[in-house]
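Read the numbers this way: they start at 1 and go in the same order the structure lists the ligands and their atoms.
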Amino acid sequence: MDDITSPEHVRDQYGTEGRLETRRSVWRPTDDGRDPADEAFKAIDRAMTGDSSVLEVGCGTGVMAERINALPGVTLVAVDLSERFVELTAARGVDARQADICYLPFEDDTFDVVYAGWMLYHVRDIDRALAQVRRVLRPGGTFVAVTNGDDTLADLRREAGGRRMVTTFSSENGEHALGRHFSDVRRQDLETRAVFADHAEAQAYLDTAGEGLVLPPFEGPRTCAGHVTVFEAR
Ligand SMILES: C[S@@+](CC[C@H](N)C(=O)[O-])C[C@H]1O[C@@H](n2cnc3c(N)ncnc32)[C@H](O)[C@@H]1O
């Protein structure tokens with residue numbers, strides 16, 4: 001497997017929006033209707049007390065940033081490493097800037113809430129990133145982070161000749177990492193599903209990672225298990 005924390009991988013994956021959008025499009029909520037992005041949004045909203053300043057790191061194409069920006073009393077800054085994603089997020093009316101979570105260009109104690117959705121697994125030095133988040137958060141501020149479990153799509157990956165995706169920040173190790181920087185860490189675990197209309201769609205999903213995995217043929221649609229955790233840390 002490619003090292004998903006390498007700068008080359010991150011540049012290759014997020015220079016344009018196609019790969020990210022292909023992957024996002026197949027995910028469905030839990031059987032009881034909980035969507036991880038909605039749960040993260042509720043956590044961000046709950047953490048805001050009156051007028052609040054919010055930072056989103058790794059904002060991607062700006063879908064969540066646009067939702068946060070519409071909350072009453074919010075001042076939002078969204079950052080991402082990808083120039084293209086900063087451009088797409090700014091086009092949604094958001095104050096978007098290019099920055100690396102490991103070198104956040106903000107003063108200490110600037111934000112009431114920081115949100116990082118599905119991005120910390122791209123960071124090699126997770127303690128440096130979390131220390132930066134802690135630094136820019138005001139005392140009493142909240143960090144909301146979303147990530148996947150290592151077994152997400154594991155069956156599909158194995159069938160295609162790959163291995164489970166073990167990452168630097170996952171459902172399995174995220175709580176421990178956050179506990180080194182925050183005194184109160186809570187979690188919500190969600191069993192999501194990826195629904196592929198057919199073999200071609202499942203193969204296209206695997207192709208986005210550029211690992212050369214080849215899925216044996218199958219007929220009809222297919223549903224695969226995912227696992228997502230929404231962390232709230234203070
Ligand atoms: C899987 S995408 C998630 C995007 C978005 N949060 C979402 O949920 O759709 C990961 C994002 O993190 C960004 N990213 C990766 N490493 C980063 C870093 N060190 N600092 C800031 N952004 C980073 C990528 O450019 C990409 O936009």
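Distances below 4.0 Å separate heavy atoms of Phe85 from the following atoms of ligand 1: 27 (O). Remark: ligand 1 atoms within the under-4.0 Å shell around heavy atoms of Gly117 are 3 (C), 5 (C), 6 (N), 8 (O).
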Evaluate the criterion side-chain hydrogen bond (donor to acceptor under 3.5 Å, both in side chains) for residue pair Ser82 and Asp80; output intermediate values, then yes/no.
-> CA-CA 5 Å; Ser82 158; Asp80 200 284; 4.6 Å; no

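Considering backbone and side-chain N/O of Val79, none are found under 3.5 Å from N/O of ligand 1. Considering backbone and side-chain atoms alike, Asp100 places an N or O below 3.5 Å from some N or O of ligand 1. Taking distance alone, with nitrogen or oxygen atoms compared against 3.5 Å, Tyr121 stays at or beyond that limit from ligand 1.
Remark: minimum distance from atom 10 (C) of ligand 1 to any protein heavy atom is reached at Trp118 O, 3.5 Å. Looking at atom 7 (C) of ligand 1, its nearest protein heavy atom turns out to be Arg24 NH1, 3.6 Å. From the protein, the heavy atom lying nearest to atom 23 (C) of ligand 1 is Met119 CE, 3.5 Å.
Neither the backbone nor the side chain of Gln13 comes within contact range of ligand 1; no heavy atom lies under 4.0 Å. Under 4.0 angstrom from ligand 1, there are no non-hydrogen atoms of Ala116. Contacts between Ile101 and ligand 1 below 4.0 angstrom, taking non-hydrogen atoms only, involve backbone and side chain alike.
Within the set Asp80, Thr61, Leu81, Thr147, the minimum heavy-atom distance to atom 25 (O) of ligand 1 is found for Asp80.
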